[in-house]
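Since the structure comes first, as structure tokens, the remarks are kept for the end.
Since this is a predicted model, take the numbers as computed values, not measurements. What's counted below: heavy atoms across the whole structure, side chains too, no hydrogens, waters or symmetry copies.
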Amino acid sequence: MTKLEFYPVDVTYKITEDKPVIYMFGRTKAGERICVIDERFMPYFYVLPKKGENTEFLIDRLKRLESKKRDDYFRVIGAEFIDRNFLGSPMTVIKVYANTPAGVPVLREEIRSWNEVENIYEADILFVRRYLIDRGIVPMTLTEVEGDFASVKSRVPVFKAEKIMQSSNESLQPRILAFDIETYNPSNAIDMEKNPIIMVSFYAKDFQKVITWKRFNTKLNYVEFVDGEAELIERFARIIEEYGPDLIAGYFSDGFDWPYIKARADKYRIRLDLGWDYSLMKLKAGKAEAIQMNGPVSLDIFKHIDRVVSRKLRTDSKKLGDVAQELIGKGKTYVDMDKFAEVWDEGSDELEEYCKYNYNDSLVAYELTEALLPNLVEMVKIVGQPIYDVNMMSMSQLVEWYLMRQAPSFNELAPNRPSHDEIKKRRMQTYMGAFVFEPKPGLFHDIIVFDFRSLYPSIIASHNVSPSSLNCSCCADTAEMIPEIRGKMHYWFCQKKKGFMSYVIEDIIARRMRVKEIMKTTDDETKQKILDARQDGLKLLSNSFYGYFGFFGARWYSIECARATTAYARFYIKDVINKAQDAGFEVLYSDTDSIFMLLHGKDRVVAKKFIDKINLELPKLMELEYEGYYTSGLFVAVKEQSYGAKKKYALLSKDGHIKIKGFEMVRRNWSFVAKDVQQEVIRIILQENDVEKALNFVKDTIKDLKQRKVPLSKVVIHTQLQKPIAEYENVGPHVAVAKRMQDSGEEVGPGSMIKYVVVQGTGKIRDRAKMPDEVMGNEYDYDYYINNQVLPAVESIFSVLGHKKEELVQPEQSKLGGFF
DNA sequence: ATCGAGCGGGG
DNA sequence: GTGTACGCTCGAT
């Protein structure tokens, strides 16, 4: 027996001699690639017998269960009684072992039909995830194995584990290789079948390259020429093999670059055997593409940004350039993409510019990955699942897998995921949300803001809000009443025993505080960064518990818990508002956990004294904090919407920074005229603080539209065709135009970008949608552009200032009274 | 009001 | 994979 330490990165399983074997690809402490295999783990799930059934008979029947279908042979290999907790109550279930993971769904469905079975639990937990949880292995973290090297065909040594355990908290510094492709694209439709890949770039700390297959004069030392697309793809695979990365990073690479490469490789019958075990790179197509290799992990950093990071960003766009600009202060280099295909066809030296562009995209993807990796790695360590999975988990999934990982320590049986019908039902359920103190519309100065530190998590922890502490029998008569919902719906939380989720969130809060304490004791910058990422991850997680309670797809869904959380929150914030008013402050606005008050020249010390007093009366884990001071703020008259109120405000801090909340952004299928107007109006109001100027700007634009001074190019609307024209049941304007384009002999299909202009006339929009070329002069329908494009883009902004859209369209009457 | 489809990210 | 994105918005009905 040998001992070794390694960091597991990518985890999968294979069937060998009819038995499942866990494969952990990673790196040894010395930095060598390794594959550790573990044969000592079998899949299982739980069966709950119906009350009053003969359970001895059932366990016997289970043990004899087998299912043969052609080559598949699935069977139960063991069954035993086991005591668990289920949502706060003890429950005896039968733990059933299967011979292979694939057998679980088959056996599950068979057993489900049995009369003596009430329900089945934990029968949809991926084998690898189950293994990591049960064995206590945390990916990316140093793990100790005992066993021996085995002779298995592989690019890296294979070690067969007899004993395995996590040995320290130390995590791997992964080897990252970022890449990006450029494709030939003469029209603006993406066509993987027709158009070749013409460039591919790589960026790593110690390795940079751009490969292309047309030669031109260049002094760039990273450019490498090959003789064609097939060779480019082969070189691509060889570089990955030679560099041996842990993570292959890209931006939208699972959605674009990888599927593209796969499609082109298939065309040339090139095997992309990128796995460390020589396995092929696999693509799971569908709405959410997934790229699987054994060993190197595809890390599409866009996914993590889309699902977790984006809500913290100021930009609404998730384009590489915009996201990178905000996160790493670096954007895309500019090239004229419309000319790319032309330049490629010519093969001119101008291609060098496109190589630089391609190079920069890999560089930016690399730096973005590097910037987000500490947080991602900490999240991997908190949640305990592989980086590949964690990278694409949404917040609710991160919460759920954290709970799944904690559940065994509480002997808690995981509830099942909701059925389709259950989801429908849950979606219909609504409950009262946060309290919003409607702002007075207008411009104010001298504003102070307080907010509750982690309001929802601290409520969940303080008041034992948890599905398993809900309506316990022990406190039916004595439990604390939940404020706000008293009398209407009677329910309560146990006062004697901590519920699972409440305990877990309290533990997260405590852990975060400990991390923050440790941060104070070290000056080491690297350690600081890691610790900061850890506390940030814990905060993110605890902040998501409330949303998880009310999320229709959650296993531990509980509308009562969600309802109680917001009820307590409303109670506490209203209490603060009342006390603030009693203390003589003018409350301007309040939303959920924050309160905006006018200082009216009052000393800030007075305000601080006020929160100190509040904090004395709050439960231990709750705290009201000073958030900030703003020289001026613009508040919204909330416009009634079909569902709920939208919160809109803009604040200007002392350093000139503008903070905007609640303005929807324009999308790509808006005309330029609408986009331009919105952008300029926001700028004028927030930076120049000149509402009248902004109003005049819109009026001028409307005037220009009416006088047809706005060039046609600014009223063109771009919409992409998603499927063949014949498959459309509802014919929107772009489909109507596409039909005519097709009739006139143009090639139009899925992916085509349809450009159209709405022209004057009567009837449906689709009958008035014309190709830009068809439009005579400037005969666009200015009413349409005013009412459906320009006004919707700025309406919400002006409602902030109490101006109705009618003021914008009315002809100017007199200069004397301005707009009032 | 409700429903279906498009959008995002990528080139 | 012991799997099935997601939330919002517009135009049509």
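In this structure, F236(A) has its ring center under 6.0 Å from that of W258(A). For Y203(A) and Y366(A), the ring centers sit closer than 6.0 Å to each other.
Spacing between atom CD1 of I261(A) and atom P of dG10(B) amounts to 16 Å, rounded to whole angstrom units. For the pair K284(A) NZ and dT4(C) C1', the computed distance is 11 Å after rounding to whole Å. What separates CG of L132(A) from C1' of dT2(C) is a distance of 15 Å, to the nearest Å. The distance between atom OH of Y44(A) and atom P of dT2(C), rounded to the nearest whole Å, is 14 Å. The CD1-C1' distance, from I301(A) to dG9(B), rounds to 14 Å in whole Å. Atom CD in Q397(A) sits about 11 Å away from atom P in dG7(C), given to the nearest Å. Remark: P of dG10(B) and CG of D300(A) are 11 Å apart, rounded to the nearest angstrom. One atom, CD1 of I125(A), and another, P of dT4(C), lie 12 Å apart when rounded to the nearest Å.
In the model, Y73(A) has a side-chain atom that pairs as donor or acceptor with a side-chain atom of E66(A) under 3.5 Å. A donor-acceptor contact closer than 3.5 angstrom links the side chains of K332(A) and Y357(A). For the residue pair N195(A) and T183(A), no side-chain donor N or O sits within less than 3.5 Å of a side-chain acceptor on the partner.
Residue contacts for Y184(A): at a heavy-atom cut-off of 4.0 Å it reaches no nucleic acid atom on any strand shown. Residue S317(A) is classed as a sugar-phosphate contact, given heavy-atom separations below 4.0 Å to backbone atoms only. In this structure, R766(A) reaches the sugar-phosphate backbone alone: every heavy-atom distance under 4.0 Å involves primed, P, OP1 or OP2 atoms, never a base. At a threshold of 4.0 angstrom between heavy atoms, the contacts of Y13(A) are confined to the sugar-phosphate backbone, with no base atom among them. Among the heavy atoms of the strands lying under 4.0 Å from D361(A) are primed sugar atoms or P, OP1, OP2 only; no base atom is included. Residue contacts shown for A290(A) include a base, since a base heavy atom lies under 4.0 Å away. Counting any heavy atom pair closer than 4.0 Å across all strands shown, Y756(A) reaches no nucleic acid atom. Backbone-only engagement by R108(A) is indicated by non-hydrogen atom pairs under 4.0 Å involving sugar-phosphate atoms exclusively. Residue D180(A) is classed as a sugar-phosphate contact, given heavy-atom separations below 4.0 Å to backbone atoms only. Within 4.0 Å (heavy atoms only), P105(A) reaches sugar-phosphate atoms of the nucleic acid but no base atom. No contact: K303(A) has no heavy atom under 4.0 Å from any strand. As judged by a 4.0 angstrom heavy-atom cut-off over every strand, L320(A) is placed among residues touching the sugar-phosphate backbone only. Across all strands, Y354(A) comes closer than 4.0 Å to no nucleic acid atom at all (heavy-atom distances).
Here the separation of dC8(C) from dG9(B), taken at their P atoms, is 15 Å to the nearest Å.
An OP1 or OP2 oxygen of dG11(B) is reached within less than 4.0 angstrom by a side-chain nitrogen or oxygen of K332(A). Between R417(A) and the phosphate of dT4(C), there is a side-chain N or O to OP1/OP2 separation shorter than 4.0 Å. For Y784(A) and dG11(C), the shortest distance from a side-chain N or O to OP1 or OP2 is below 4.0 Å.
Between A123(A) and Q789(A), it is A123(A) whose nearest contact on DNA chain C lies nearer the 5' terminus.
A search for ring pair (Phe, Tyr, Trp, His ring centres under 6.0 Å) contacts involving Y131(A) returns F41(A), not counting sequence neighbours. For F252(A), the side-chain contact (heavy atoms from CB on, under 4.5 Å) test picks out F256(A), F302(A), with sequence neighbours left out.
Of the candidate nucleotides dG4(B), dT2(C), dG7(C), dG4(B) has the atom lying nearest to any side-chain atom of N730(A). Distance from the side chain of I765(A) is smallest for dA12(C) among the nucleotides dC10(C), dA12(C), dG11(B). Closest approach to the E182(A) side chain among dG11(B), dT2(C), dG11(C) is made by dG11(B) (side chain taken as heavy atoms from C-beta onward). The listed nucleotides are dT13(C), dG11(B), dT2(C); the one nearest the side chain of K764(A) is dT13(C). When each of dG11(B), dG7(C), dT2(C) is scored by its nearest atom to the side-chain atoms of F552(A), the top-ranked nucleotide is dG7(C).
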